[in-house]
Amino acid sequence: MAGVDWESLAEATSGAVGALVSTTVLYPLDTCKSKYQAEVQSKGSEKYRKLTDVLEEAIREHRVLSLYQGLGTKNLQSFVAQFIYFYGYSYFKRLYLRKSGAKSVGTAANLIVGAVAGCCTVILTHPLDTAASRMQTSEFGKSKSLIKTLTGGSFTEAYDAIGISLLLTSNPSIQYTVFDQLKQRHLNRQSKLSGEPSKLALSAFSAFLLGAVSKTVATVLTYPAIRCKVMIQSAEQQSQENGTENGTSTLVKKPKSPKTFLEALRAIWSREGIPGFFKGLQAQILKTVLSSALLLMIKEKISRFTWIALLAIRQSLLTNKKRVKSV
């Protein structure tokens, strides 16, 4: 069992469980946010003029449960992605400290470590991310299963917006760098007051607060790219019926979703102007800040129990291995 990095495994498991819980709790808000972000229309012709319009549509059409469409896929993607990210982040950080001989990881090194872990995560989980986004932004009640969503297009379509996703690896890098620095300063301040640094740990409230601050900084800096990614990965919308003055109805054809970063930028610029680049920012901050804060809070609180459980498993495996050898 010498080849297993148990500390990184404990970090990955704690982070993945935290992601699972936070994703499930906040999923209806995430659905409303994604459908609101995905729509790009000229002023006056929008289907959703504000975030609550999405919720009102679900209630009006008796599709409240459709706010959870794609939850299983999103949970699978979140669990796998966060496990890979936290394992990679912890592993590469420990590797850097071992190779460099440094006692702590500086800001620049932290950004690089986070970016490398993020790139590995994106490449391995992007098809799940694309499928979850399409299921989530489908018309209420018309979301397809994961298999049908993945097989409904070409292999390259499963990697739509992969370039933006790789660019957005800077988001968690910024977030966890800010969080680690704030956490270290907070613990150092506590250690000076208590004189027992080895027994110090972040309280649930402190972890929540530091997680919220760190995610807000990262979200504001990267939001235009976040919205473009949602637009590219969103499901194609059906034509919509509009009433006319003589009582007849006409079909208004929805514009196709952009396929590249530049197409998304042009669509926003031509139909919504500069404010469009930050459409839904408040909702994004609310969702991502709450999600990340919950994730980090849960991770901090269960990491010790996860570590104890993994040590017990390790000891059990070693004991069984010795028994087999003795036989």
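Judged by the 6.0 Å distance and 45° axis criteria, K35 is positioned over the aromatic ring of F140.
To the nearest 0.5 Å, atoms OG (S234) and NZ (K229) are separated by 11.0 Å. If you take OG on S214 and CG on L182, they are separated by 7.0 Å, rounding to the nearest 0.5 Å. Rounding to the nearest 0.5 angstrom, the gap separating the OH atom in Y48 from the CG atom in L55 is 11.0 Å. Rounding to the nearest 0.5 Å gives a distance of 9.5 Å between CE of M135 and CG of L71. In this structure, F205 CZ and L210 CG are separated by 9.5 Å, a value rounded to the nearest 0.5 Å. One finds the CG atom of L209 at 10.0 Å from the CZ atom of F179 (value rounded to the nearest 0.5 Å).
Looking at R227, its side chain does come within 3.5 Å of a backbone N or O of G276 through a donor-acceptor pair. Distance alone, capped at 3.5 Å, places no donor-acceptor pair between the S133 side chain and the D129 backbone. For the pair N171 (side chain) and L168 (backbone), a donor-acceptor distance under 3.5 Å is absent.
With contacts defined as side-chain heavy-atom distances shorter than 4.5 Å, the pair V21/L294 does not qualify. In this structure, K33 and L286 have side chains that are not in contact, with every pair of non-hydrogen atoms separated by 4.5 Å or more. Put simply, the side chain of R266 does not reach to within 4.5 Å of the side chain of R271, judged on heavy atoms. L51 is listed as a side-chain neighbour of L29, based on a closest heavy-atom distance under 4.5 Å.
Hydrophobic clustering (side-chain heavy atoms under 4.5 Å, transitive across Ile, Leu, Val, Met, Phe, Trp, Tyr) groups I226 together with I274. In the hydrophobic clustering of ILVMFWY residues, with side-chain heavy atoms under 4.5 Å counting as a link, L146 and L65 come out apart. There is a path of hydrophobic side-chain contacts, each under 4.5 Å, that joins M231 to L262. Under the 4.5 Å side-chain heavy-atom criterion for grouping Ile, Leu, Val, Met, Phe, Trp and Tyr, L166 is not connected to V230 through any hydrophobic cluster.
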- [ ] Report the C-alpha distance between E157 and R134 in whole Å, list the side-chain angles of each, state the deciding distance to 0.1 Å, and finish with yes or no for side-chain contact (heavy atoms from CB on, under 4.5 Å).
- [x] CA-CA 11 Å; E157 288 179 346; R134 287 178 181 164; 4.1 Å; yes
Open item on the list: Using side-chain contact (heavy atoms from CB on, under 4.5 Å), reason through Q69 and K144 one step at a time and then give a plain yes or no.
Closed with: CA-CA 9 Å; Q69 61 189 20; K144 299 178 182 178; over 6 Å; no
- [ ] Please lay out, stage by stage, how T23 and S78 fare under the test side-chain hydrogen bond (donor to acceptor under 3.5 Å, both in side chains).
- [x] CA-CA 7 Å; T23 297; S78 295; 3.2 Å; yes
Task: Verdict with supporting geometry, F277 and L265, side-chain contact (heavy atoms from CB on, under 4.5 Å) - done: CA-CA 8 Å; F277 291 109; L265 291 174; 3.6 Å; yes
- [ ] Would you please test D180 and K183 for salt bridge (charged side-chain N to carboxylate O under 4.0 Å, His left out) and show each step?
- [x] CA-CA 5 Å; D180 280 346; K183 174 184 174 182; 5.5 Å; no
- [ ] Check the pair I232 / T260 against side-chain contact (heavy atoms from CB on, under 4.5 Å), numbers first and verdict last.
- [x] CA-CA 7 Å; I232 294 171; T260 66; 5.6 Å; no
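For the pair K47 and E139, the salt-bridge criterion is met [side-chain N within less than 4.0 Å of a carboxylate O]. With respect to the salt-bridge test (charged N to carboxylate O, under 4.0 angstrom), the residues R49 and E39 do not qualify.
Heavy-atom contacts from other residues, nucleotides or ligands closer than 6.0 Å to NZ of K259 number more than 12. For Y68, the OH atom sits in a loose shell: 12 or fewer heavy atoms of surrounding residues, nucleotides or ligands are nearer than 6.0 Å.
Donor-acceptor pairing under 3.5 Å is recorded for the side chains of Q136 and T31. No side-chain donor-acceptor contact under 3.5 Å links T130 and D160. A side-chain donor from one of N75 and T24 sits under 3.5 Å from a side-chain acceptor of the other. With 3.5 Å as the limit, one finds no donor-acceptor pair spanning the side chains of S138 and S143.
Taking all atoms of both residues into account, the shortest heavy-atom contact from F92 to V116 is CE1-CG1, 3.7 Å. Here the shortest heavy-atom pairing between I164 and A225 reads CG2-O, 3.4 Å. Residues Q233 and A161 approach most closely at CG-CB, 4.1 Å, considering heavy atoms. Here the closest non-hydrogen pair linking A81 and T121 is O-CG2, 3.3 Å. Taking both residues in full, the closest heavy atoms of Y96 and A109 are given as CZ-CB, 3.7 Å, listed atom of the first, atom of the second, then distance. Residues G118 and T169 come closest through the heavy atom pair C-CG2, 3.4 Å.
The one candidate from Q284, K279, Q37 that meets the side-chain hydrogen bond (donor to acceptor under 3.5 Å, both in side chains) condition with Y223 is Q37.
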